[in-house]
Amino acid sequence: MYIDTTLYTGRPEDCTGRLEKEVACYDLLDSLGIAYQRVDHDAADTIVDCEAVEEYLGANICKNLVLCNRQKTDFYLLVMAGEKPFHTKDLSKQIGSSRLSFAPPEEMERYLGVTPGSATILALMNDKEHKVRLILDRSAAELERFGCHPCINTSSLALSMMEIREKLLPHLGVEPLFVDLPDD
């Protein structure tokens with residue numbers, strides 16, 4: 001996988017060829033005064049792909065999983081440390097929703113404007129009707145800096161979790177649900 005090893009501060013100087021949804025992330029972060037660093041790379045679809053990017057980014061890239069119940073009436077965006085394994089039973093107990101599964105790609109696109117491999121906390125800006133509930137695992141919520149994609153998986157950003165929690169989420173009207181997922 002190709003990685004541009006330059007750590008950029010802020011948005012690209014020239015956004016030609018960048019997707020509108022990626023540029024919208026930069027616009028939102030800039031409007032809220034949230035600082036970020038950026039690394040560009042080939043598509044990083046999985047957390048394993050992201051591990052190579054972390055070295056240059058200087059931040060742990062979190063897993064961002066879009067989940068739903070069996071009836072596809074309740075949707076969740078789970079943000080958790082990348083190295084933690086995910087077991088639905090651990091989460092289901094804590095949020096009182098059984099039969100969780102990964103949301104279908106069309107639902108991810110419909111509610112968050114992202115495709116599989118590009119899910120991110122920043123995509124909540126596209127959920128104007130608040131159909132997706134944000135779930136933060138405490139280990140991720142307590143990170144000083146964390147990494148995520150800007151709604152496309154060919155770039156990764158390093159952000160302050162404190163700024164996300166104190167600026168971005170209130171701006172979007174999002175109240176996270178905190179959970180404690182096991183490390184094993």
Side-chain angles (χ1 to χ4, degrees), residues 1 21 25 41-54 57 59-162 164-165 168-170 172-184:
M1 177 171 85
K21 61 186 172 183
C25 288
H41 46 76
D42 284 341
D45 294 320
T46 67
I47 202 68
V48 173
D49 294 338
C50 292
E51 288 172 357
V53 177
E54 288 177 342
L57 193 60
N60 292 331
I61 297 177
C62 289
K63 283 181 188 170
N64 292 261
L65 306 176
V66 183
L67 308 166
C68 64
N69 63 357
R70 179 194 289 182
Q71 299 82 8
K72 295 183 182 72
T73 55
D74 296 324
F75 293 87
Y76 307 93
L77 173 63
L78 171 63
V79 178
M80 61 186 288
E83 69 276 0
K84 274 192 176 186
F86 172 65
H87 303 289
T88 56
K89 66 180 173 75
D90 297 323
L91 180 61
S92 292
K93 288 180 202 173
Q94 294 184 54
I95 66 170
S97 180
S98 60
R99 308 256 186 201
L100 289 175
S101 63
F102 292 101
E106 59 272 10
E107 301 292 354
M108 291 176 62
E109 183 72 36
R110 178 177 170 195
Y111 294 122
L112 297 174
V114 295
T115 56
S118 296
T120 173
I121 197 168
L122 298 174
L124 291 169
M125 71 180 184
N126 299 318
D127 183 21
K128 306 292 187 208
E129 296 178 14
H130 300 283
K131 297 287 187 183
V132 180
R133 180 83 196 263
L134 174 62
I135 302 172
L136 286 176
D137 182 48
R138 286 196 197 285
S139 63
E142 293 170 357
L143 289 171
E144 184 175 323
R145 288 169 41 90
F146 80 106
C148 67
H149 297 309
C151 290
I152 187 68
N153 63 3
T154 53
S155 291
S156 295
L157 307 179
L159 302 147
S160 159
M161 181 55 87
M162 182 179 71
I164 292 299
R165 290 177 57 190
L168 178 72
L169 298 181
L172 298 176
V174 172
E175 183 67 37
L177 172 64
F178 294 95
V179 295
D180 292 297
L181 298 175
D183 289 326
D184 59 321

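Because the structure is predicted, anything quoted here is derived from the model rather than measured.
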Have S155 and H41 got a donor and an acceptor in their side chains that come within less than 3.5 Å?
no
Do the charged groups of D74 and R133 touch, with an N to O distance under 4.0 Å?
no
Any heavy-atom pair between the side chains of L100 and L91 that's under 4.5 Å?
yes
Take atom CZ in R138; do more than 12 heavy atoms of anything else shown fall under 6.0 Å from it?
yes
CD1/I164 to CG/L122 distance, rounded to the nearest 0.5 angstrom?
5.5 Å
Do P105 and T115 have side-chain heavy atoms sitting under 4.5 Å apart?
no
All pairs passing ring-ring contact (aromatic ring centres under 6.0 Å, His included) where residues 94-113 contributes a residue, at least two apart:
F75-Y111
For the atom pair CG (L181) and NZ (K84), what is the distance rounded to the nearest 0.5 Å?
5.5 Å
Any sub-3.5 Å donor-acceptor pair from S92's side-chain atoms to T88's backbone N or O?
yes
Within a radius of less than 6.0 Å around CD of E175, do more than 12 heavy atoms belonging to other residues, nucleotides or ligands occur?
no
For the backbone of G113 and the side chain of K21, can you confirm whether one donor and one acceptor N or O come within less than 3.5 Å of each other?
yes
Answer whether the closest heavy-atom distance between the side chains of L157 and T120 falls below 4.5 Å.
no
